[in-house]
Amino acid sequence: MKFKADRATLLRALAHIQSVAEKRNTIPILANVLLSAEDGLLRLTATDMEIAVVENIAAETARPGATTAPAAVLYDIVRKLPDGSVVELDHAGTDAPLTLRAGKYATSLNVLPVDDFPSMVAGDLPFAFTIAASVLRGLIDRTRFAISTEETRYYLNGIYLHVADLETGPMLRAVATDGHRLARVEADVPVGAEGMPGVIIPRKTIHELRKLLDEGSTDIEVNVSDTRIQFRCGPILLTSKLIDGTFPEYERVIPKGNDRILRVGKRDFADAVGRVAAISQERSRPVKLSVMPNLLTLSAVSPDQGMAKEELDENSVAYDAAPIEIGFQARYLNDITDQIETEVEFAFADNAAPTLVRDTNTPSALYVLMPMRV
Amino acid sequence: MTGLSPAPELRRILHIDMDAFYASVEQRDDPALRGRPVAVGHARARGVVAAASYEARRYGVRSAMPSAVASRRCPELVFVPPRFDVYRAVSGQIHEIFSRYTPLIQPLSLDEAYLDVTETVSQYGSATVIAERIRAEIHRETGLTASAGVSYNRFLAKLASDQNKPDGIFVVPPQRGAAFVAALPIERFHGIGPARAARMHALGIRTGADLRGWDIETLRRHFGKAAAFYYGVSRGIDERPVEPHRVRKSIGTETTLARDLHTEMDARTVLEPLAAKLWESCHRRGLTGRTVTLKVKYADFRIVTRARSLPEPVTGAEEILIAMTPFLKALFPAREGVRLLGVTLSALLSLEGAHGSGQLALFES
């Protein structure tokens with residue numbers, strides 16, 4: 001195999017690829033990228049056996065062929081080459097090293113045999129639809145913060161994507177929860193997605209996919225079965241296993257009758273939470289909200305550091321229900337307000353029950369937050 | 001030489017160590033427990049003894065021992081659940097007593113600390129007088145006893161406090177430091193664990209005097225980075241300062257195995273008590289953490305570590321084990337034998353803050 005590629009093009013592809021390759025895996029070949037050149041096209045593949053990313057780029061092929069080389073090293077070298085350089089990769093055959101030349105720079109990398117590189121079989125993917133990258137971005141960005149990292153409840157380690165049949169008609173929904181908070185975002189059901197199974201897309205897949213959504217493709221092709229999902233973003237194809245588990249019946253934890261409604265300006269609220277929580281070094285940093293008609297007092301107490309409080313008045317607060325005192329983890333409040341544009345709406349029941357949070361500008365998104373005892 | 005810090009041999013260092021601290025607090029607060037073998041900890045199946053009273057120690061009950069083993073050794077053992085808030089309060093009282101004598105206090109845990117009294121010794125006559133006053137004040141103000149070691153460096157002070165335990169004091173003056181170390185079996189040295197000790201024994205090193213016979217280069221070949229420390233302490237030299245503001249970044253424990261292991265099952269058998277021991281030392285320091293690191297050293301001395309951060313701080317030894325499970329699955333079976341396993345907890349925070357954070361759950365299971 002021998003080809004020449006433009007450094008910038010190669011670097012971009014390696015950037016997409018290298019984070020999928022496992023840097024510290026005990027199976028050495030998973031740290032490698034599979035390079036195969038043919039007919040003016042270079043195909044790069046990386047996999048960790050859960051996800052595979054394949055990308056095609058233009059390359060001047062002198063001799064077709066394939067090999068595998070360490071993804072992280074290759075990425076690092078190409079990154080350090082001067083902009084505008086042309087990179088030549090040459091692999092003479094089975095046991096020969098891969099040589100890389102660019103201008104006066106040359107390196108030779110150890111390779112591993114192509115036959116040992118695991119291929120990820122996508123299998124039959126019966127449901128196919130196209131979704132706008134911007135819509136998919138919205139579904140991911142507004143839910144991913146709530147994905148659980150706790151491995152004991154592995155079925156929460158991803159975003160649950162499914163079609164919900166509502167009275168008003170079906171909606172595509174993305175839901176994530178870590179058992180303390182929940183995020184649910186809706187979009188119109190794309191044509192072809194109607195009968196798709198509900199799937200839990202793993203966190204790492206979400207992370208890799210999210211990077212690809214900024215790469216300029218306006219439409220993303222999605223193919224899905226009940227065990228695999230595939231996203232095509234222009235020249236890049238991401239295939240992932242799905243989490244094999246049952247997502248909990250999340251609807252039953254979304255409160256219906258919360259009628260104590262607080263509206264507060266997002267900026268003022270988020271800033272106040274940050275300032276008040278600064279008193280405590282604890283990770284769970286509780287912030288207490290004391291809500292009275294048109295007056296919101298945020299406070300935090302730290303046994304070591306002291307206490308802090310801040311009042312927000314009718315200039316940024318609207319509330320006319322019975323007073324309530326309720327505590328939340330500061331970072332949970334921040335994670336949600338980060339998704340909100342201008343005004344936050346809280347709907348409380350009492351200080352030990354789930355609280356509903358919404359963005360008054362974005363009715364398609366809904367958050368549920370469980371309080372802390374304070 | 002004026003204006004420089006005093007020469008190392010002129011320092012006056014105390015090591016104050018509370019006697020069976022948690023258990024003594026429990027016996028102080030509940031007269032029914034006095035004179036009886038007491039273990040602080042949970043009796044349940046996977047519980048571990050956090051501290052044992054002297055009565056219990058007579059039966060061979062030790063801290064970090066599984067509760068089941070402890071009950072077997074001492075059937076009349078009384079288990080008392082730990083009350084860390086109380087231990088921390090008493091620790092605060094003791095710390096306040098220390099601060100009457102010097103600002104240079106380095107707490108090692110809730111129940112022991114190093115004090116550098118070099119600057120204040122002239123006001124009281126001697127470091128020994130300060131140590132005795134501290135012991136008396138601790139007894140008067142908390143009803144508990146402490147042991148003290150008095151010497152010219154940390155290494156010797158710590159060894160000395162162990163010498164006349166409980167409720168005792170021992171002084172190692174500068175002229176006797178080297179001789180004191182020479183007579184000690186090396187397994188008494190703080191910093192030499194069972195595996196190190198076994199390797200030293202194999203090399204014919206049994207006492208401080210044996211260790212002293214080795215030159216630093218040879219020590220380095222056998223023991224790497226620790227060589228300089230061994231070389232120094234075998235001569236009664238330890239220049240580590242008392243560091244009042246030392247912030248602990250991690251708590252860890254490791255063990256070198258008698259025989260290389262290969263399977264996940266064997267690794268678990270080793271890691272279970274290791275996690276229990278780690279959790280016990282976290283408790284002693286009033287700390288917990290969110291990042292669990294597994295260290296594996298292979299027969300060829302290659303070391304790999306695997307770390308992961310948990311969403312919430314660890315609240316028990318079992319959680320530490322669960323957190324390591326994916327690593328074990330990935331690393332075992334190990335073709336190359338494993339000679340050492342270690343567990344470390346970092347991203348530390350106070351147990352108080354972490355315990356029962358009060359966060360309510362959405363899905364009640």
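Just so it is clear, the values below take in all heavy atoms, side chains as well, and ignore hydrogens, waters and symmetry mates. The sequence lines fix the lettering, A, B, ..., with proteins before strands; numbering per chain opens at 1.
The environment of Lys256(A) atom NZ is dense: over 12 non-hydrogen atoms of other residues, nucleotides or ligands sit within 6.0 angstrom. Residue-environment remark: CE (Met265(B)) stays at or below the threshold of 12 foreign heavy atoms within 6.0 Å. Counted within 6.0 Å of NZ on Lys309(A), heavy atoms from surrounding residues, nucleotides or ligands total 12 or fewer; the atom is thus considered open.
Using a 4.5 Å cut-off between heavy atoms, Pro371(A) touches chain B through backbone and side chain atoms alike. With a threshold of 4.5 angstrom between heavy atoms, Ala352(A) approaches chain B through its backbone and through its side chain. In this structure, no portion of Leu369(A) lies under 4.5 Å from any heavy atom of chain B. Looking at Tyr332(A), the atoms closer than 4.5 Å to chain B (heavy atoms on both sides) all sit in the side chain, from C-beta outward.
Side-chain contact check for Phe363(B) versus Arg252(A): some heavy-atom pair is nearer than 4.5 Å.
Within the structure, every pair that satisfies the side-chain hydrogen bond (donor to acceptor under 3.5 Å, both in side chains) test and touches residues 327-344 of chain B, not counting sequence neighbours, is listed here: Glu264(B)-Lys329(B).
When all heavy atoms of Leu360(B) and Asn351(A) are compared, the closest pair comes out as CD1-O, 4.4 Å.
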Only pairs under 3.5 Å count here: list side-chain donor-acceptor contacts from residues 240-247 of chain A, not counting sequence neighbours, and write none if there are none.
unit_1    : atom_1 : unit_2    : atom_2 : d
Ser240(A) : OG     : Thr205(A) : OG1    : 2.7
Lys241(A) : NZ     : Met49(A)  : O      : 3.2

